[in-house]
**Student:** 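Quick one: structure below, then a few questions.
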Amino acid sequence: MKNTKLKKDIMKIAEAESATEFTIVCGTLFVKFNSSIDEKLANNLKTTLQTFFDKRKKNDCYVKMSELGNEFAYDFTPIVDFRMEGII
């Protein structure tokens, strides 16, 4: 992720949503929660991140969440509409 301001904003959101450990590697946010309701916190973080991206630019990015043991990964996938590119 090249945009450092965007990276910092994402990290601030993770911290505000009760993440205890978080890092971004190759454009993927990895997060850990120290709570018995970590799955609920993870889903809340996904919703908050999606709302953040939607406010920046509607239909620009989809946030995909995966669970990796006690860690959660959030991928930010660009939404591509090929109809807009002249491909029919």
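Here the structure is a predicted model, which is why all the values come from computation and not from measurement.
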**Student:** To the nearest 0.5 Å, what is the distance between OG1 (T4) and NZ (K8)?
**Tutor:** 5.5 Å

**Student:** Could you see if Y74 belongs to whatever hydrophobic cluster contains I37? Use Ile, Leu, Val, Met, Phe, Trp, Tyr and a side-chain cutoff under 4.5 Å.
**Tutor:** yes

**Student:** Do F76 and D60 touch side chain to side chain, with heavy atoms closer than 4.5 Å?
**Tutor:** no

**Student:** Is there a donor-acceptor pair under 3.5 Å between the side chain of E17 and the backbone N or O of N43?
**Tutor:** no

**Student:** Hey, is CD on E39 packed in by over 12 heavy atoms from elsewhere, all under 6.0 Å?
**Tutor:** no

**Student:** Closest heavy-atom contact between V31 and A19?
**Tutor:** CG1-CB, 3.3 Å

**Student:** Check whether F52 and I24 end up in the same hydrophobic cluster, where Ile, Leu, Val, Met, Phe, Trp and Tyr are linked by side-chain heavy atoms less than 4.5 Å apart.
**Tutor:** yes

**Student:** Report yes or no: does K32 contribute a side-chain atom to a donor-acceptor pair with the main-chain N or O of N70 at less than 3.5 Å?
**Tutor:** no

**Student:** Can you tell me how far OG of S35 sits from CG of L41, rounded to the nearest 0.5 angstrom?
**Tutor:** 5.0 Å

**Student:** Can you tell me how far apart CE (M65) and CG (D75) are? Round to the nearest 0.5 Å.
**Tutor:** 11.5 Å

**Student:** Kindly indicate whether the side chain of L45, heavy atoms from C-beta on, has any atom under 4.5 Å from the side chain of F72.
**Tutor:** no

**Student:** Look up atom CD in E71 and atom CG in D38, then write down how far apart they are to the nearest 0.5 Å.
**Tutor:** 11.5 Å

**Student:** For the CZ atom of F22 and the NZ atom of K12, what is their distance to the nearest 0.5 Å?
**Tutor:** 11.0 Å

**Student:** Quick check: closest heavy atoms across A14 and L29, and the distance to 0.1 Å?
**Tutor:** CB-CD2, 4.4 Å

**Student:** Restricting to non-hydrogen atoms, name the atom on I13 and the atom on L49 that form the minimum distance, rounded to 0.1 Å.
**Tutor:** CG2-CD2, 3.9 Å

**Student:** Heavy atoms only: give me the nearest T23-M11 pair and the separation to one decimal.
**Tutor:** CA-CE, 4.2 Å

